[in-house]
There are 2 protein chains.
Amino acid sequence: MLNKNDVIPLYVQLKDVLRGEIMSGKLKDNDALPSESQLMKNYSITRTTIRRAIDELVQEGLVERVHGKGVFVRLRQTRHTVWNFQSFTEYAFGKSQYPITKVLEQKVIKESNNRMLHLTRLRGVKTNRTISWLTIDTSIIPLSLFPGLEQYDFEENSLYELFRQQYKLYPHHVDIEIVPITCDHWTHKQLQLNNYDPLLQSKGSVYTENGTKIEDINIIYGPKFQFKLNQYI
Amino acid sequence: MLNKNDVIPLYVQLKDVLRGEIMSGKLKDNDALPSESQLMKNYSITRTTIRRAIDELVQEGLVERVHGKGVFVRLRQTRHTVWNFQSFTEYAFGKSQYPITKVLEQKVIKESNNRMLHLTRLRGVKTNRTISWLTIDTSIIPLSLFPGLEQYDFEENSLYELFRQQYKLYPHHVDIEIVPITCDHWTHKQLQLNNYDPLLQSKGSVYTENGTKIEDINIIYGPKFQFKLNQYI
DNA sequence: CAGTGGTCTAGACCACCCT
DNA sequence: GGGTGGTCTAGACCACTGT
């Protein structure tokens, strides 16, 4: 139930409830949300408030409205969002390829009394019998926000799925710089490249909605990775 | 005045009016929009409709709401939008630098009965007495949409300002691919580089709100250009 | 204090989809 | 037809900003 006396606006409360149901899997991809009139009864709030909440979820690219039919969960967003910073796992499944991950390094480092997980992963996709390696991802994550995260096996678990399902922290936006790099020997070997053409690297941070930094990232993109952007001016 | 019987929703009509006033310069950067109650009187529509229109302009990053004060034009958007595809001119002024442009090539080419303007420009900024060259932009623009565009001097005129002010066509979104390239001799010479480090190149198309393609672009970014991205997941 | 935007209610009419 | 979302009205109360 929603709290009408809370300082948090009702539409934000409702949005959080709905987002939670989507993220937790209670509402699955392509499922319909309860209709607006149903939500009016369930929560005893007016349609305007409900529409405001759903508007913002559309905004975030989580759901899509279909006139005369309903509002539907859309996890593989392509239209609204920009580039697949969503999650490598979701990205791969979206192209109906099977994602594979090889952990190159996983260790805990102390930085001025904060324990940080350093995780370097080689990521790729498997199609039939061939494996294509696409990126080398390095993540630095504060264990104060994610106690126990260091004990997971990241060849089996999606980092972002753990963030959301085990820790209820939802990545909301990223602040990224893109730079071109010359491939070094180690990168060349890991990505099994044929030449030393330049590559793209992105580095930056990932934040939740309220601005908490949850991850520093550094991604090297192999030449098979298309870097597409869809930008509203 | 707005037309209440039009198929176009009132909030879209109002949004277009306000955007037009901003783009045309009638409302300048940091100017306040008329207050919501003032707009209610001016257009004889309810506040909900007005808020919807302003919401979408906030969305587009054109204006910012300030509680208790008003709604203000924000042309140098940094917070909401992503990266300076707005316009090189606006980008440079936003950093209080003086933008300079050198036209490297300007010619009209016929492509299957469509006359296209090919424009290659070297772009940079001047601070005190030093000039920093930042990018090489190549634009291909259909003259059917912009009759007479070929006669402008693009060392003096901003391409996007002409689009908006002379032709009333507003760039709305871009579809871009980013690739790393190795600098060739010509690029090296034009950008006055010291070495042959890899560079970034973006190529793609620019569209209006209704999906009309108005420009094919290809931009080579020099090493002084920071490629920052602010992405909502 | 008056003026601004922020939230919410209760209702209306319409267009679309499906059966 | 009944159910869905799309638009709009007319009002209310609140929080924030300035003077």
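As the structure is a prediction and not an experimental result, all values here were calculated from the model. Below, chain A is the first sequence line, B the second, and so on; all start at residue 1.
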S.K.: Look at all strands and tell whether B:R47 reaches a base, only sugar-phosphate, or nothing, counting heavy atoms closer than 4.0 Å.
M.R.: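 Base contact.
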
S.K.: Name the one of B:K41, B:R65, B:R52 that satisfies salt bridge (Lys or Arg N to Asp or Glu O under 4.0 Å) with B:E36?
M.R.: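 Of all the options given, the one that passes is B:R65.
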
S.K.: Tell me: CD1 of B:I50 to P of C:dT4, nearest whole Å?
M.R.: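 About 12 Å, once rounded to whole Å.
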
S.K.: Scan A:R52 against the nucleic acid and name what it touches under 4.0 Å (heavy atoms): base, sugar-phosphate only, or nothing.
M.R.: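 Here A:R52 touches the backbone only, sparing every base.
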
S.K.: Using a heavy-atom cut-off of 4.0 Å to chain B, what are the terminal contacting nucleotides of DNA chain D, in 5' to 3' order?
M.R.: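 So the contact region on DNA chain D extends D:dT7 to D:dG18.
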
S.K.: Would you say the side-chain atoms of A:T48 and A:T46 include a donor-acceptor pair closer than 3.5 Å?
M.R.: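 There is no such pair between these side chains.
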
S.K.: In whole Å, what is the span from the CE atom of B:M40 to the C1' atom of C:dT4?
M.R.: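 Computing the B:M40:CE to C:dT4:C1' distance gives 13 Å.
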
S.K.: For B:S35, answer base if it contacts any base atom (sugar-phosphate contacts may also be present), sugar-phosphate if it contacts only those atoms, and nothing otherwise; contact means non-hydrogen atoms under 4.0 Å.
M.R.: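 Sugar-phosphate: the residue B:S35, judged by heavy atoms under 4.0 Å, touches backbone atoms but no base.
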
S.K.: Which residues pass the salt bridge (charged side-chain N to carboxylate O under 4.0 Å, His left out) test with B:D16, not counting sequence neighbours?
M.R.: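 Here the qualifying residues are B:R19.
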
S.K.: For a quick check of understanding: with a heavy-atom distance under 4.0 Å over all strands, which category does A:I45 fall into, base, sugar-phosphate or nothing?
M.R.: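 Since only primed, P, OP1 and OP2 atoms lie under 4.0 Å of A:I45, the category is sugar-phosphate.
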
S.K.: Working note: A:K69 + A:E64, criterion salt bridge (charged side-chain N to carboxylate O under 4.0 Å, His left out); need CA distance, chi angles, decisive distance, verdict.
M.R.: CA-CA 11 Å; A:K69 297 182 71 176; A:E64 180 187 354; over 6 Å; no

S.K.: So which one's nearest nucleotide on DNA chain C is more toward 5', B:S37 or A:P9?
M.R.: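 The residue whose closest nucleotide sits nearer the 5' end is B:S37.
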
S.K.: Evaluate B:N3 against B:Q13 for side-chain hydrogen bond (donor to acceptor under 3.5 Å, both in side chains), listing each step before the verdict.
M.R.: CA-CA 8 Å; B:N3 178 0; B:Q13 295 183 47; 5.8 Å; no

S.K.: Ignoring hydrogens and geometry beyond distance, is a side-chain donor-acceptor pair present between A:E155 and A:T101 at under 3.5 Å?
M.R.: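 There is no such pair (donor and acceptor under 3.5 Å, judged by atom type) between the side chains of A:E155 and A:T101.
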
S.K.: Map A:K69 and A:T48 onto DNA chain D by nearest heavy atom, then report which one ends up closer to the 5' terminus.
M.R.: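 Looking at the nearest nucleotide for each, A:K69 comes out on the 5' side.
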
